[in-house]
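Input: a single structure, listed below in structure tokens.
The shown structure was predicted, so the numbers you read here are calculated from the model rather than taken from an experiment.
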Amino acid sequence: MKIDDIPLNLDFTLCCGQVFRWDKKGDWWYGVVDGKAIKVRQVSNEFEFANANEKFVENYFGLDDDLHEIRTSIGKDEHMRKALQELWGLRIIRQEPWECLISYICATYKNIQAIKHMVLNLSTKFGEKTQLDGMKFSTFPKPKKLANAKVKDLMDCGLGYRGKYVQNTAKQIFENNFKLESLRKTPYKQAKKEICNFAGVGPKVADCVLLFSLGKTEAFPVDRWIKRVILNHYLEKLPSDLAQKLMNKQGLSNSDYAKLNAFGRNYFGKYAGYAQEYLYHYERMNT
DNA sequence: TTCCAGGGAGTAT
DNA sequence: ATACTCCATGGA
């Protein structure tokens with residue numbers, strides 16, 4: 001399909017650490033989505049894909065989000081505008097909520113490489129086999145599969161102590177037939193509260209799930225990198241006592257998380273999540 | 001060897 | 001409510 005007026009950069013979008021199931025081979029990106037392997041690439045103004053229909057791909061890559069409007073909305077300062085300029089075309093993907101939830105439970109206290117490894121292991125061990133272009137892939141396992149898995153087997157996927165969180169959350173969802181999708185129409189704060197009831201889910205993981213899979217573009221996840229961004233570029237916009245506190249200790253207490261989260265949401269507005277992802281990737285690229 | 005990674009739960013104040 | 005401490009694992 002032609003995307004002349006639709007900014008999109010697949011490399012930024014698929015490399016920025018929001019999604020863990022994509023790998024580039026040649027100029028094609030291969031991923032496992034919607035229960036099957038698909039591939040996408042860009043050639044000049046053409047956005048090409050295979051093994052998926054146009055409607056699905058448009059929605060998955062959020063091509064109906066107006067990036068120009070978003071840039072106007074969040075481009076509040078020089079640093080943010082620089083990140084927008086440098087990473088123009090980065091989009092927030094609309095992941096499947098279930099896979100997103102488990103992925104970000106795994107993501108706590110781990111780097112992106114390790115997270116990809118864990119999600120791949122879970123899929124290989126518990127998912128269903130499929131293939132594309134002669135290559136083998138595995139789908140992400142259903143809630144029932146992980147709910148019935150042995151914690152030991154989950155831990156052996158590299159999850160470590162997260163194994164029991166993943167199993168408990170899978171049980172909560174499977175046994176209650178919980179529909180994460182239903183939270184899409186629940187207001188941000190209420191939806192966040194409900195997601196925090198799952199095992200291994202705190203405010204940061206909840207914000208990631210809301211932003212990356214439930215359409216809450218106002219969510220503003222604060223991890224170690226975003227804290228660093230704020231300390232390096234937005235320190236003067238915080239109350240001085242809070243700024244002092246943040247500089248003097250590592251990690252982030254629950255109340256301090258809430259303060260930085262509120263800062264991001266208030267400062268950047270309804271597309272704070274886009275601001276977060278541009279700032280996150282920009283900081284990582286320049287470190 | 002030591003350190004750190006897209007934090008959260010458990011426990012003690 | 002807030003602060004402190006573990007937590008499994010793997011790569012650098």
On the nucleotide B:dA5, are OP1 or OP2 found under 4.0 Å from the side-chain N or O atoms that A:Arg228 carries?
yes

Do side-chain atoms of [X] reach the backbone of [Y] as a donor and acceptor pair under 3.5 angstrom?
X	Y	answer
A:Gln18	A:Ile93	yes
A:Asp66	A:His68	yes
A:Lys39	A:Lys24	no

Nearest-0.5 Å distance that lies between atom CZ in A:Phe268 and atom CE in A:Met80:
5.5 Å

Just how far is it from atom CH2 of A:Trp29 to atom CG of A:Leu14, taken to the nearest 0.5 Å?
5.5 Å

Expressed as a whole number of Å, how far does the P atom of B:dG8 sit from that of C:dG11?
24 Å

Could you please spell out the steps behind the salt bridge (charged side-chain N to carboxylate O under 4.0 Å, His left out) verdict for A:Arg41 and A:Asp27?
CA-CA 6 Å; A:Arg41 72 171 174 181; A:Asp27 56 349; 3.1 Å; yes

Rounded to the nearest angstrom, tell me the gap between atom [atom1] in [X] and atom [atom2] in [N].
X	N	atom1	atom2	result
A:Gln250	B:dG7	CD	P	12 Å
A:Lys245	C:dC4	NZ	C1'	13 Å
A:Ile105	B:dA5	CD1	C1'	18 Å
A:Arg224	B:dC4	CZ	P	9 Å
A:Leu252	C:dT2	CG	C1'	13 Å
A:Asp256	B:dG7	CG	P	15 Å
A:Leu101	B:dG7	CG	C1'	14 Å
A:Asn254	C:dT5	CG	C1'	15 Å

A correct dot-bracket answer for DNA chain C, with pairs being Watson-Crick or G-U at under 3.5 Å, [ ] for crossing pairs and | for inter-strand pairs, is |||||||.||||

For a quick check of understanding: with a heavy-atom distance under 4.0 Å over all strands, which category does [X] fall into, base, sugar-phosphate or nothing?
X	answer
A:Glu277	base
A:Gly200	sugar-phosphate
A:Val201	sugar-phosphate

Residues passing the ring-ring contact (aromatic ring centres under 6.0 Å, His included) test with A:Phe263, sequence neighbours excluded, are A:Tyr267

Any residue of [range] with a heavy atom less than 4.0 Å from an atom of DNA chain B:
range	result
residues 80-90 of chain A	none
residues 111-127 of chain A	A:Asn111, A:Ile112
residues 152-176 of chain A	A:Tyr161, A:Tyr165

Any ring-ring contact (aromatic ring centres under 6.0 Å, His included) involving residues 166-214 of chain A? Give me the pairs, sequence neighbours left out, ordered by first then second residue.
A:Tyr104-A:Phe212, A:Phe178-A:Phe198

With sequence neighbours excluded, what pairs up with [X] under the side chain to side chain donor-acceptor pair (under 3.5 Å) test?
X	result
A:Lys171	none
A:Arg284	none
A:Lys36	A:Asp34
A:Ser123	A:Arg21

Considering heavy-atom distances to DNA chain B, does A:Phe198 or A:Phe20 have its closest nucleotide positioned more toward the 5' end?
A:Phe20

Suppose we screen for side chain to side chain contact (heavy atoms under 4.5 Å, CB included). Which residues come up paired with A:Pro187, at least two apart in sequence or across chains?
none

With the side chain defined as heavy atoms from C-beta on, A:Ser255 is closest, among C:dT2, B:dG8, B:dA5, to C:dT2

Please tell me if the side chains of A:Ile195 and A:Leu214 come closer than 4.5 Å, counting only heavy atoms from C-beta onward.
yes

Does A:Lys192 have any salt bridge (charged side-chain N to carboxylate O under 4.0 Å, His left out) partners at least two apart in sequence or in another chain, and if so, which?
A:Asp207

